[in-house]
2 protein chains.
Amino acid sequence: MQEKTRRSFEVFKRNMSARGLKWTRQREIIAEVFFDAGDHLKVDELLARARRLDPRISQATVYRTIKLLKSWGLAEERRFDEGQARYEPLQEKGLHHDHLICTKCNRIVEFVKQRIEKLQHEVAREHGFEVTHHKLELYGLCADCRRR
Amino acid sequence: MQEKTRRSFEVFKRNMSARGLKWTRQREIIAEVFFDAGDHLKVDELLARARRLDPRISQATVYRTIKLLKSWGLAEERRFDEGQARYEPLQEKGLHHDHLICTKCNRIVEFVKQRIEKLQHEVAREHGFEVTHHKLELYGLCADCRRR
DNA sequence: TTGGATGCAAATGCTTTGCAATCTG
DNA sequence: CAGATTGCAAAGCATTTGCATCCAA
């Protein structure tokens, strides 16, 4: 298990006991797989990886566990232009990032651009809005796919 | 019917005959309601309005008509943080805009910010990407809801 | 007349939920 | 042991589709 996985893992575990919830084999496996992946996994991918460690894990449990992770700020749901949602481990708060998505190979690259965030707040202010969160997705071809 | 509605309406009609498709009562009503609304309608809202003009129109036909509108660049599908998609009439090409969405009253405000678009291309270039389209949504409270 | 269009209901794909059986604290 | 959790299958939603009927060209 990677170091950052361990940290998130512990937070998850602590949240469980703090709320009188139970620490089960399923939750342990799902959390480990999820935090270790670091990727933008879909539920079926997460389920497949979890089942390598224990074939009896059900899809329902994966959905239920993700819901807990989301509610405690440990996971974020992303909906790109696909049918299913993807989930991504959230490390420390405040480090918001956005995504570049290759429409050919589905590669997902994260980026941070302070100046864009600033301009967003500027736009919001002009319209009297107070922004709580935002979504910025850039779709196109990645370097590899452009060459082909 | 508004003037801009009429223009889109004619483009739609011309596309029909040019492709050997038929101009039906349903398509006429759905297109008129859609272009006149100018808003970000959900399918059930569009259906309700269409049924005021003809109660027999089916949901399936609304979905099928929207699919045509999308494929000809006359409608754009938007997926904010809701279950259902919203559709918006697309006037002339090239005038891209983004959205501010009030999480309390669901008001949707459109905006254009050239400098953000520029920065997006800059980010893409840094990562070797070639952007074809993007999605920028700012969620928060609108001026009215902030006061309350 | 005839192939496209419609309405209906059934089918989909993703996600959620009810419930009996099974575990954890 | 009580109450939380799980697996399973059924239910929910938004959207799509098969098919018999209908209609525009």
Side-chain angles (χ1 to χ4, degrees), chain A residues 12-34 40-48 50-72 75-88 106, chain B residues 12-34 40-48 50-72 75-88 106:
Chain A
F12 187 46
K13 203 164 172 178
R14 236 177 293 126
N15 261 281
M16 284 292 171
S17 66
R19 291 160 207 259
L21 302 182
K22 291 170 179 175
W23 187 245
T24 64
R25 174 179 41 83
Q26 290 85 331
R27 287 176 174 171
E28 173 160 9
I29 290 176
I30 294 169
E32 175 171 351
V33 167
F34 176 66
H40 302 76
L41 295 182
K42 292 182 280 190
V43 164
D44 56 335
E45 295 167 340
L46 187 48
L47 178 62
R51 280 192 167 155
R52 277 187 224 138
L53 302 180
D54 182 342
R56 288 169 301 169
I57 290 180
S58 79
Q59 208 189 45
T61 298
V62 172
Y63 274 109
R64 288 190 272 232
T65 305
I66 285 177
K67 184 175 272 181
L68 289 177
L69 289 165
K70 275 195 293 183
S71 72
W72 300 338
E76 198 154 68
E77 184 174 310
R78 301 278 181 188
R79 294 187 162 274
F80 301 130
D81 284 349
E82 304 171 296
Q84 320 142 63
R86 287 179 181 273
Y87 298 89
E88 126 179 50
N106 294 313
Chain B
F12 187 46
K13 202 165 172 179
R14 237 176 292 125
N15 260 280
M16 285 291 171
S17 65
R19 291 161 208 257
L21 303 181
K22 291 171 180 173
W23 186 245
T24 64
R25 174 180 42 84
Q26 291 84 330
R27 287 176 174 171
E28 174 162 6
I29 290 177
I30 294 169
E32 176 172 349
V33 167
F34 176 66
H40 302 76
L41 295 183
K42 291 184 281 190
V43 165
D44 57 334
E45 296 168 338
L46 188 47
L47 177 62
R51 280 191 168 156
R52 277 187 224 138
L53 302 181
D54 182 342
R56 287 170 302 169
I57 291 181
S58 78
Q59 208 188 45
T61 298
V62 171
Y63 274 108
R64 289 190 269 233
T65 304
I66 285 176
K67 184 174 271 181
L68 290 177
L69 288 164
K70 276 195 292 182
S71 72
W72 300 338
E76 198 154 68
E77 185 174 310
R78 301 278 181 190
R79 294 190 161 274
F80 302 129
D81 285 348
E82 304 170 296
Q84 318 140 64
R86 286 179 181 272
Y87 300 89
E88 130 179 48
N106 293 312

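Model, not experiment: these values are computed from the prediction. FYI, side chains are in, hydrogens and waters are out, and symmetry mates aren't considered; it's all heavy atoms of this structure. Here is the naming used below: chain letters follow the sequence lines, and residue numbers restart at 1 for every chain.
Nearest to the side-chain atoms of A/Lys22 among the listed nucleotides D/dC23, D/dG3, D/dA14 stands D/dG3. Checking D/dA14, C/dT15, C/dA5 against the side-chain heavy atoms of A/Val43 singles out C/dT15 as nearest. Listed nucleotides: C/dC8, D/dT6, D/dA25. Nearest to the side chain of A/Arg64: D/dT6.
Minimum heavy-atom separation, B/Leu41 to B/Glu45: CA-OE1, 3.4 Å. Here the closest non-hydrogen pair linking B/Trp23 and B/Lys13 is NE1-CE, 3.6 Å. Heavy atoms only, all atoms of each residue included: A/Val43 and A/Gln59 are closest at CG1-CG, 4.3 Å.
For the OP1/OP2 pair of C/dT6 and a distance below 4.0 Å, the side-chain nitrogens and oxygens of B/Arg27 include at least one atom meeting the criterion. Phosphate contact (OP1/OP2 of D/dC23, side-chain N/O of B/Arg25, threshold under 4.0 Å): absent. Look at B/Tyr63 and you'll find a side-chain N or O under 4.0 angstrom from OP1 or OP2 of D/dT15. Contact annotation: B/Thr24 reaches the phosphate of C/dT6 (side-chain N/O to OP1 or OP2, under 4.0 Å). The side chain of A/Arg19 places no N or O atom within less than 4.0 Å of a non-bridging phosphate oxygen (OP1 or OP2) of D/dG3. Taking side-chain N and O atoms only, A/Thr61 has a distance below 4.0 Å to OP1 or OP2 of D/dG7. Look at A/Gln26 and you'll find a side-chain N or O under 4.0 angstrom from OP1 or OP2 of D/dG7. Neither OP1 nor OP2 of C/dT6 sits under 4.0 Å from any side-chain N or O of B/Arg56. Between C/dG25 and A/Ser17, no contact under 4.0 Å exists linking OP1 or OP2 to a side-chain N or O.
Between the CG atom in B/Leu21 and the CG atom in B/Leu68 there is a gap of 6.5 Å [rounded to 0.5 Å].
Where A/Leu68 and B/Arg86 meet DNA chain D, the nucleotide closest to each residue was compared, and A/Leu68 sits on the side nearer the 5' end. Map B/Leu21 and B/Arg51 each onto its nearest nucleotide of DNA chain C; the residue landing nearer the 5' end is B/Leu21.
Atom CD of A/Glu82 is separated from atom P of D/dT15 by 17 Å (rounded to the nearest Å). With rounding to whole Å, B/Lys67 atom NZ is found 7 Å from D/dT16 atom C1'. Counting to the nearest Å, the P atom of D/dC13 and the CD atom of B/Gln59 are 13 Å from each other. Summarising the geometry, the separation between CG on A/Leu47 and P on C/dC14 is reported as 13 Å, rounded to the nearest angstrom. Atom NZ of A/Lys13 and atom P of C/dT24 are 13 Å apart (whole Å). Separating the CZ atom of A/Phe12 from the C1' atom of D/dT5 is a distance of 12 Å, rounded to the nearest angstrom. Atom pair B/Tyr87:OH and D/dA14:C1' shows a separation of 9 Å (rounding to whole Å applied). C/dT24 atom P lies 13 Å from atom CE of A/Met16, rounded to whole Å.
The existence of a salt bridge linking B/Glu88 and B/Arg86 is excluded, since no basic side-chain nitrogen approaches an acidic carboxylate oxygen closer than 4.0 Å.
Two residues are said to be in side-chain contact when any heavy atoms from C-beta on lie closer than 4.5 Å; B/Phe34 and B/Val62 fail this criterion.
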